[in-house]
Amino acid sequence: MDPVPGEPAGVPHAGAPAGGHGTDLGALLNRAARGDKAAFAELYDATAPRVHGLALRVVRDPAQAEEVTQEVFLEVWRQASRYDAARGSALAWMMTIAHRKAVDRVRSAEATTRRDLAYEQANQSVEHDVTADAAHASLEAHRVRAALAQLTDVQREAIELAYFGGYTHTEVAALLDLPVGTAKTRIRDGLIRLRDTIGVGR
Amino acid sequence: MTTDHDHALSGAYAVDALDADERARFETHLSQCADCRAEVDSLREAAALLGIADEVGPPPALRDDVLAGIERIRPLPPLTREPATVTPLFRRLPTLLAAAAAVVLLLGVGLAVLRPWSDGTEPPPQLSAAEQILRAGDATHVEKAFPDGSQATIVLSRSQGKALIRTKDMAPAPDGKVYELWLQTPAGKMIPAGLMPDESDTTYVLDGDAAEATGVGITVEPDGGSEQPTTQPIAVFPLES
Ligand SMILES: [Zn+2]
């Protein structure tokens, strides 16, 4: 299938923050949905470090993280037409797919045993391959760090254990010695505060 | 039906911090609660930024693998579903269910009974309802592939008296409609078994006792579901006794 020419560039989506690095990810996704492989390659280049970084942080084992990253992008290609700009940014849509796949991977019985073995190794190696990108990314990262600092310790820990640890809210409650049923509230309150401080999504 | 408890799970759902059972139940809630849908969408925007400081470029070979991989994958068509044509009040479902089952068998559209899977690992201490069914020694699978490429599988454990449905790439129900699940009794009566979550890929444990069920049906119903089927089934899964 030929690439589709003439896509209007830079049309912002309602409620969509700058995806990554100023690229209009939604437009690339729409072109990919029509079979435009060049647009998909551009989308890959713009987002692969984010997707892979998340997979690595959640899954920890580099080989398994690579499998997850590959699965995510094949899924993004297949599902591109199902992205609905009215519901949010292309980046959030992709990171949702990535996070779900990474969490499903660590929760599968097979992965659970391998995960602990890989822990030390991953913890030692990850820091070194970090590709700190452009000034743009670090500026955005600074905003996120500042917003995280606004949360209570419990909100921040609960969100990090859930998002990066892949733990359920029940497990998070046990890890933080919270009464059963309160971790979900901390996670929700923290995310709402984060959303409102950073000013994304509505 | 909506409770405060349901709404409170939006944050945990947005960061995938629900177990399979809670996830399925919350997705049912999401299919009926626009507030939670909007909240989940907005919280996912925030969550997507959490990993911003963790960027790690994958190995270059992965890019080649991905770009080679997409050559073999056809992108899904966009969702263009028209509102379902609602037939007049439908009272003879068991008969039609049987007819539809016969058609399914006749066409052989990807219907298969699979062996229960077992990987020899110890089950984790707390199993969700879905996991209990999936790991049951007598679990049987009835799989169905639809012409649009979507798939649905019923997993049944007679010993546990429970069944679940797993979907892949299901098109969403038309606006204002839901997919309702039904268990067919040996007497041919259709018992409501819950509303499918509004998610294309989902696992949902059916309400009710499936120990004696002779089939599972899916119909399109108005939001909130119906006491009895009001449309012809879009899918029927015969269950072996
Ligand atoms: Zn709600």
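Note that this is a predicted model, so its numbers are computed, not measured. Every chain is numbered from 1, with letters handed out A, B, ... down the list of sequences.
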* Contact class of Asp45(A) relative to chain B, heavy atoms under 4.5 angstrom -> side chain
* **From CG (Leu76(B)) to CZ (Arg78(A)), nearest 0.5 Å** => 5.0 Å
* **Among the listed options Ile192(A), Thr185(A), Thr69(A), Leu148(A), the residue most often paired with chain B at heavy-atom distances under 4.5 Å** => Ile192(A)
* Structure fact -> From the list Asp201(B), Val66(B), Ile70(B), the residue making the most non-hydrogen contacts under 4.5 Å with chain A is Ile70(B)
* **Side-chain heavy atoms of Glu140(A) within contact of Leu49(B), under 4.5 Å** => yes
* To do: Calculate, to the nearest 0.5 Å, the distance between atoms CD and CH2 belonging to Glu71(B) and Trp77(A) respectively.
  => 7.5 Å
* Asked: Highest number of heavy-atom pairs under 4.5 Å with chain B: which of Val172(A), Leu54(A), Asp104(A)?
  -> Asp104(A)
* Residue among Leu43(B), Val40(B), Asp65(B) with most heavy-atom pairs under 4.5 Å to chain A -> Leu43(B)
* To do: Could you tell me whether the side chain of Ser42(B) reaches within less than 4.5 Å of the side chain of Arg195(A), counting heavy atoms only?
  => yes
* Asked: Between the side chains of Glu22(B) and His169(A), does any donor sit under 3.5 Å from an acceptor?
  -> yes
* To do: Could you have a look at Ser10(B), Ala17(B), Ala46(B) and say which one has the most heavy-atom pairs with chain A under 4.5 angstrom?
  => Ala17(B)
* Asked: Pick from Asp19(B), Leu62(B), Leu18(B): which one has the most heavy-atom pairs with chain A under 4.5 Å?
  -> Leu62(B)
* **Pro58(B) and Tyr44(A), any side-chain heavy atoms less than 4.5 Å apart** => yes
* Asked: Checking side chain to side chain contact (heavy atoms under 4.5 Å, CB included) for the pair Phe40(A)/Leu67(B): CA distance, chi angles, key distance, verdict?
  -> CA-CA 8 Å; Phe40(A) 181 78; Leu67(B) 295 183; 3.9 Å; yes
* Interface residue of largest heavy-atom contact number with chain B, from Thr96(A), Ile198(A), Val103(A), under 4.5 Å -> Thr96(A)
* **Closest approach of Arg188(A) to Ala8(B) (non-hydrogen atoms, all atoms of both residues)** => CD-O, 3.8 Å
* Any side-chain heavy atom of Asp16(B) within less than 4.5 Å of one from Tyr163(A)? -> no
* What distance separates Asp54(B) CG from Arg57(A) CZ, expressed to the nearest 0.5 Å? -> 4.5 Å
* **Check: Leu50(B) and Leu194(A) side chains under 4.5 Å, non-hydrogen atoms** => yes
* Within-4.5 Å side-chain heavy-atom neighbours: His99(A) and Arg44(B) -> no
* Asked: So which of Glu66(A), Arg143(A), Met95(A) has the largest heavy-atom pair count under 4.5 angstrom toward chain B?
  -> Glu66(A)
* Asked: Within the side chain of Arg50(A), is there an N or O that forms a donor-acceptor pair under 3.5 Å with the backbone of Ala48(B)?
  -> yes
* Non-hydrogen atoms of chain B under 4.5 Å away: do they reach the side chain of Arg100(A), the backbone, both or neither? -> both
* Minimum side-chain heavy-atom gap Val15(B)-Leu191(A) below 4.5 Å -> yes
* Asked: Could you state the interatomic distance from CD (Glu55(B)) to CG (Leu56(A)), rounded to the nearest 0.5 Å?
  -> 13.0 Å
* **Note, Pro77(B) side chain near Arg82(A) side chain (heavy atom, < 4.5 Å)** => yes
* **Interface moiety of Ile159(A) toward chain B, non-hydrogen atoms closer than 4.5 Å** => side chain
* Give the member of Ala41(A), Ala80(A), Ala162(A) that has the highest number of heavy-atom pairs under 4.5 Å with chain B. => Ala41(A)
* Asked: Looking at Ile187(A), Asp189(A), Val51(A), Thr197(A), which makes the most heavy-atom pairs under 4.5 Å with chain B?
  -> Ile187(A)
* Asked: Ala55(A) versus chain B, heavy atoms under 4.5 Å apart: side chain, backbone, both or neither?
  -> neither
